[in-house]
Amino acid sequence: MSALRILVPVKRVIDYAVKPRVNKAQTGVETAGVKHSMNPFDELSVEESVRIREKKRAPGGVEDICVFSAGPPKAQDVLRTAMAMGADRAIHVDVKEGEDLEPLTVAKLLKAAAEQQKSNLVILGKQSIDDDANQTGQMLAGLLGWPQATQASNVEFGEGDTVSVTREVDGGVETVRAKLPLIITTDLRLNEPRYASLPNIMKAKKKPLEKKTLADFGISAEKRLKVLKVTEPPARQGGGKVEDVDGLISKLKELGAI
Amino acid sequence: MSGRPQLAPVLRRLRLARTARATPTSLSRQAALQQSLARPARCFSNSRSQCFQKTPAVAAGQAKFTSETYPDIKRDARFAQLTEDHVAYFRGLLGSESAVLDGVTNSNAADDIEPFNTDWMRKYRGHCQLVLKPGSTDEVSKILKYCNDNMLAVVPQGGNTGLVGGSVPVFDEIVINMSRMNQILEFDEVSGTLVAEAGCILEVADQFLASKGYIFPLDLGAKGSCHIGGNVSTNAGGLRLLRYGSLHGTVLGIEAVLADGTVVDDLCKLRKNNTGYDLKQLFIGAEGTIGIITKVSIQCPQRSPAQNVAFFGLESFDQVQLAFREAKGQLSEILSAFELMDEGSQALVRQVTGNKSPLEGQYPFYCLIETSGSNADHDSEKLGAFLEDVMEKGIVVDGTLAQDETQIKSLWAWREGITEALSHLGGTYKYDVSIPLKELYQLVEDTRARVDAAGLLGDTDDFPVRAVVGYGHMGDANLHLNVSTRRMDPRVEKVLEPFIYEWIAERQGSISAEHGLGVMKKKFIGYSRNPTMVGLMKNIKTTFDPNGILNPYKYL
């Protein structure tokens with residue numbers, strides 16, 4: 001069996017624990033001064049790649065784990081985090097702040113990257129928690145002409161380059177099998193990402209991080225979609241408190257409920 | 001920030017479940033997943049009262065009456081017995097039905113009164129039959145005047161989250177619960193001065209301040225239930241003391257009612273006020289023995305936009321001290337917490353929560369460092385350099401640095417979850433002490449050796465003591481020594497007391513660093529305060545409360 005060369009795309013997004021706020025111009029959410037971190041689904045992909053190597057699950061072994069991110073210079077922070085978790089090296093494609101790439105552009109970029117890096121397995125988060133598109137993995141599989149196993153909750157390697165992936169679907173699980181090269185997108189139950197340890201955080205600072213531009217991959221950031229308006233969902237009407245049973249009864253009467 | 005309630009992986013899973021909410025696939029499955037994942041997280045809320053209600057297994061059966069646990073405390077015969085006339089007066093005064101819980105004339109009210117009679121750990125239980133919930137300072141004043149004239153004893157009560165039985169009655173004292181006085185009255189966005197009523201819940205105040213870009217200078221595990229009036233009355237310490245100092249410094253003024261109904265209006269909003277005796281300081285930490293605090297004005301610092309948390313394992317207490325010195329030196333102004341935990345305490349958290357430790361290996365000691373500052377890049381650069389340095393010098397063996405907000409919360413849960421993990425396992429003897437840093441952990445080792453030598457400590461059910469653990473606020477030389485037991489056994493207490501108090505007195509330590517004295521440490525005040533000091537305290541008490549109706553049978 002051929003050795004695995006895993007490509008793990010990761011995205012820097014607004015931290016899951018931060019409540020996003022719509023900007024004044026209603027063109028998007030406020031990102032300045034807001035805490036960012038790695039997309040939680042991408043953490044699962046990094047963790048899974050590292051586990052495949054550590055647990056020696058692939059018969060041909062893991063030759064390379066390369067993390068890949070397109071975004072502003074700060075995206076290098078999440079690449080370092082991924083390397084602290086166990087990835088070997090990183091590629092950062094510089095994209096200006098605010099110049100977000102659409103899923104199709106990202107898929108084209110990843111196609112070029114997968115070919116250039118001679119990857120035979122791409123593990124992606126099934127979606128990023130900022131735009132929730134859930135499209136990139138599928139588009140990438142289409143562009144490359146590779147098989148895809150989305151929403152993976154378990155990944156097993158068999159003889160002759162085969163990979164069995166358990167997917168979470170409506171009403172249960174579905175197990176699919178395909179041969180490498182392959183696209184896998186990750187779902188919640190796949191694993192529980194680790195904490196990066198201090199020694200590994202330090203080692204990660206010395207791991208190679210290549211800086212590239214979109215032009216290096218022959219891609220331009222064209223927009224096919226136009227955002228018309230971004231608004232917050234309507235605020236929930238707060239409940240009221242009553243002092244006692246009499247208060248409750250008079251309130252209900254007031255509302256005409258009794 | 002809504003606190004750091006949940007414990008690590010539970011939250012991590014929950015977080016992922018929540019991120020999945022927007023997924024286009026299979027809504028029903030996600031709903032089921034959220035439900036199943038949300039369930040275990042719930043019981044690890046950090047609000048004490050919540051945990052209390054949702055995990056009834058914690059305290060099987062009723063608590064013993066304090067009067068039975070401490071048979072040498074006798075009811076003071078000077079105090080009058082409650083009569084129907086008294087109740088009728090209070091009803092007339094407070095008007096609304098919900099403000100008076102009356103067990104004197106209504107025998108069905110016992111269940112309603114029980115929560116006010118018992119503390120959250122169910123260690124102390126009184127015989128109170130009347131709970132009053134005043135809604136204004138004026139009502140507090142009228143209640144106290146009436147009680148003083150009729151020789152009725154009272155216990156002021158906030159969120160009832162105390163650890164020493166100070167907020168529950170011993171005999172039939174009337175409980176004056178402050179929960180209806182819960183308004184935030186005023187906030188100055190320029191100076192950061194907050195004025196609020198005593199019954200305002202700490203977390204509510206903190207969230208209000210967060211929306212203004214400020215922070216309450218006090219943070220503690222019980223923030224979801226405790227009242228700021230109670231915090232001031234007990235001079236609570238907590239997690240932010242290292243950074244923002246004690247309440248003696250941050251409280252600018254208070255309004256309190258004395259035993260005879262006199263309203264002491266010292267609601268100063270200024271930082272500087274050198275005009276005679278600073279009497280408000282007497283109320284801070286008095287545990288309700290000289291007056292009832294009704295309003296508080298407090299200086300709130302600016303909330304730091306950038307926070308980082310590191311968690312690491314160390315081989316010895318000497319190295320913990322070295323790490324603390326390095327942290328102070330290198331992180332100086334951004335260091336906001338330095339917490340210590342021993343392996344014993346972390347093993348109990350692992351056992352109760354089933355969570356995986358943030359570090360691969362196990363170490364005798366763990367430290368949690370938090371930094372707060374105004375510039376995230378500056379802070380992480382400093383913290384990074386510090387971590388590299390302590391790793392290279394071999395002070396720290398292993399560690400991790402929170403990579404996102406969720407990891408910050410889950411790392412904190414390893415420290416904040418200890419109290420709760422202990423309460424799930426059975427009774428705990430808790431000692432909250434302050435000792436010179438050099439010998440801070442020696443107390444845990446000496447106590448463990450002593451319990452072991454008495455043949456009480458072991459891994460099986462034959463031994464009454466499960467573990468002797470230590471953790472606490474290293475930055476404030478404040479240690480929490482906890483002895484986790486499987487069952488009540490009088491031998492355990494004999495081994496622990498007065499040994500621990502004598503040990504502390506020998507080193508000029510404090511037998512109560514931040515929890516107060518209450519009923520629990522009534523007998524032991526002499527180990528930390530000499531007779532002259534106790535005598536002066538008694539004089540002050542008599543001046544403010546000549547009839548002694550305020551929180552009797554407690555430390556004075």
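Per chain, numbering begins at 1; letters A, B, ... match sequence-line order.
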* Roughly how far, to the nearest 0.5 Å, is CD of B:E405 from CD1 of A:I14? -> 12.5 Å

* For atom NZ of A:K205, decide whether the heavy atoms of other residues, nucleotides or ligands shown that lie under 6.0 angstrom number more than 12. => yes

* Asked: Side-chain contact, heavy-atom cut-off 4.5 Å: B:D404 with A:E43?
  -> yes

* Are A:R194 and B:E360 within salt-bridge range, i.e. N to O under 4.0 Å? -> no

* Structure fact -> So, the part of A:K241 with a heavy atom under 4.5 Å from chain B: the answer is neither

* Side-chain heavy atoms of A:Y195 within contact of B:L359, under 4.5 Å -> no

* Structure fact -> Listed by number, the residues in residues 376-386 of chain B that come under 4.5 Å of chain A (heavy atom to heavy atom) are B:D377

* **Interface moiety of B:P358 toward chain A, non-hydrogen atoms closer than 4.5 Å** => both

* Structure fact -> Rounded to the nearest 0.5 Å, the CD atom of A:E192 sits from the NZ atom of B:K356 at a distance of 7.5 Å

* Could you tell me which residues satisfy side chain to side chain contact (heavy atoms under 4.5 Å, CB included) with A:K203, sequence neighbours excluded, listed by chain and number? => A:N200

* Can you find a heavy atom in the side chain of A:V78 that is under 4.5 Å from one in the side chain of B:Q403? -> no

* Identify which part of A:K19 has an atom lying under 4.5 Å from any heavy atom of chain B, answering side chain, backbone, both or neither. => neither

* Asked: Between B:V396, B:T400, B:D398, which shows the greatest number of heavy-atom pairs under 4.5 Å with chain A?
  -> B:T400

